[in-house]
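This report concerns only the one structure given below.
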Amino acid sequence: MVRDAVLVFLGGGVGSVLRWLTGLAALRLWGPAFPFGTLAVNILGCLIMGLCYRLLPSLAEGPHATRLLLMTGVLGGYTTFSAFALDAAGLWMREQPVLALVYVGASVVLSLVGVALGLWIGKLVTG
């Protein structure tokens, strides 16, 4: 349990730094007019999440340290969008397309509502 937590912790730190570097590179390449950095992080993170899911041993097949380090840690620090996309794909692959669409819709809409609510509360608090 402690070893697993350390793997996730270390991977998360690496992923966060990679996210920051990707954002800086995108800002320097394309400027601030569009969130290319976030878009790149989300797309690349999802690509790598899919590869890891298919290529790394599953929990049923043996040790899961590499999955914890890379998928939960690095990709979790890099982008949580990759975990969201994998969860949605999992529902779809289990032949639950309606539930997958509800999950995607609720995630997007409620996340935007959450940001708006946080901005509103923050404005109330700061005046």
Is any side-chain heavy atom of [X] closer than 4.5 Å to a side-chain heavy atom of [Y]?
X: Leu27; Y: Phe36; result: no
X: Cys46; Y: Phe81; result: yes
X: Arg19; Y: Thr38; result: yes
X: Ile48; Y: Ser82; result: no

Following the transitive rule for hydrophobic clusters with a side-chain heavy-atom cut-off under 4.5 Å over Ile, Leu, Val, Met, Phe, Trp and Tyr, establish whether [X] and [Y] coincide in one cluster.
X: Met49; Y: Val14; value: yes
X: Leu10; Y: Val2; value: yes
X: Val8; Y: Val74; value: no
X: Leu99; Y: Trp92; value: no
X: Leu44; Y: Leu75; value: yes

To the closest 0.5 Å, what do you measure between [atom1] ([X]) and [atom2] ([Y])?
X: Leu29; Y: Leu24; atom1: CG; atom2: CG; value: 11.0 Å
X: Leu51; Y: Leu70; atom1: CG; atom2: CG; value: 11.5 Å
X: Asn42; Y: Leu47; atom1: CG; atom2: CG; value: 12.5 Å
X: Leu56; Y: His64; atom1: CG; atom2: NE2; value: 12.5 Å
X: Thr79; Y: Leu39; atom1: OG1; atom2: CG; value: 10.5 Å
X: Leu110; Y: Leu117; atom1: CG; atom2: CG; value: 11.0 Å

Shortest non-hydrogen contact between [X] and [Y], atoms and distance:
X: Arg67; Y: Cys52; value: NH2-O, 4.1 Å
X: Ala40; Y: Thr22; value: CB-CG2, 4.3 Å
X: Val41; Y: Tyr78; value: CG1-O, 3.1 Å
X: Ser107; Y: Ser111; value: O-OG, 2.6 Å

